[in-house]
Amino acid sequence: MAKGKDAQKVAANNKKAFHDYFIDETYEAGIALHGTEVKSLRMGKCSIKEAFIRIENGEVFVYGMHISPYEKGNLFNKDPLRVKKLLLHKYEINKLAGRVAEKGYTLVPLQVYFKDGRAKVEIGLARGKKLYDKRRDIAKKDQRREAEKEFKMSGKFY
């Protein structure tokens with residue numbers, strides 16, 4: 001892991017979110033965790049594939065984020081799927097609440113990482129993709145892959 005001011009260690013990624021949603025804006029939030037959850041997170045035992053975020057009573061919570069129990073934690077381990085509170089400034093929460101109230105917007109976790117020793121979640125303000133949008137993205141990806149393959153093949157003969 002790189003040392004320095006901007007050192008980050010990614011614990012979990014949500015590639016499915018980029019497939020299912022258009023991400024308009026991203027925000028960084030802290031997570032309220034217990035000791036054994038942090039240890040498990042540092043080992044990379046986290047999944048956010050099925051996770052989603054809700055705003056309730058002016059607070060932000062993440063549901064469905066699975067942090068595996070720490071193997072040496074015994075009675076200190078918490079429920080792996082417990083609801084976790086996200087830490088954001090009040091003006092950010094109000095801004096997000098206003099945007100989510102608009103039709104078609106939702107909040108999804110994009111990745112979980114450590115920044116300066118603190119666990120953070122990158123939140124995406126997202127709009128759902130239709131099936132034809134997903135097909136278009138897959139077609140673009142295939143075209144790019146083919147072009148790279150052709151470029152690689154042509155480079156070997158020189």
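In what follows, residues are counted from 1 in the order of the sequence shown.
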[Y] reachable from [X] in the ILVMFWY side-chain graph, under 4.5 Å edges:
X: Phe114; Y: Tyr27; result: yes
X: Leu88; Y: Phe61; result: no
X: Val38; Y: Leu87; result: no

Smallest separation among heavy atoms of [X] and [Y], with atom names:
X: Asn14; Y: Lys49; result: OD1-CA, 4.0 Å
X: Cys46; Y: Met65; result: SG-CE, 3.9 Å
X: Leu41; Y: Ala119; result: CD2-CB, 3.9 Å

Checklist entry - Do Glu25 and Tyr105 pass the side chain to side chain donor-acceptor pair (under 3.5 Å) test, and can you show the C-alpha distance, the side-chain angles, and the key distance before you say yes or no? => result CA-CA 11 Å; Glu25 296 177 33; Tyr105 278 103; over 6 Å; no

Item to check | Arg99 bridged to Glu102 by N-O distance under 4.0 Å | outcome: yes

Next on the checklist: Given Tyr113, which partner from the list Lys120, Glu28, Arg118 fulfils the side chain to side chain donor-acceptor pair (under 3.5 Å) test?
Outcome noted: Glu28

Nearest 0.5 Å, what's the [atom1]-[atom2] distance between [X] and [Y]?
X: Glu122; Y: Asn13; atom1: CD; atom2: CG; answer: 9.0 Å
X: Lys90; Y: Glu59; atom1: NZ; atom2: CD; answer: 7.0 Å
X: Lys15; Y: Gln111; atom1: NZ; atom2: CD; answer: 11.5 Å
X: Leu86; Y: Ile55; atom1: CG; atom2: CD1; answer: 10.0 Å
X: Met43; Y: Lys39; atom1: CE; atom2: NZ; answer: 10.5 Å
X: Tyr63; Y: Arg54; atom1: OH; atom2: CZ; answer: 5.5 Å

Item to check | CD/Glu92: more than 12 non-hydrogen atoms of other groups inside 6.0 Å | outcome: yes

Checklist outcome for this item: Given the options Ile31, Ile48, Ile123, Pro109 meets side chain to side chain contact (heavy atoms under 4.5 Å, CB included) only with Ile48

Checklist entry - With Val62, which of Leu107, Val112, Val83, Ile53 fulfils side chain to side chain contact (heavy atoms under 4.5 Å, CB included)? => result Ile53

Item to check | Side-chain cluster (under 4.5 Å, hydrophobic types only) that Tyr21 belongs to, other residues | outcome: Phe18, Ile23, Val108, Leu110

Next on the checklist: Test your reading of the model: is there a side-chain donor-acceptor pair from Lys9 to the backbone of Arg42, 3.5 Å cut-off?
Outcome noted: yes

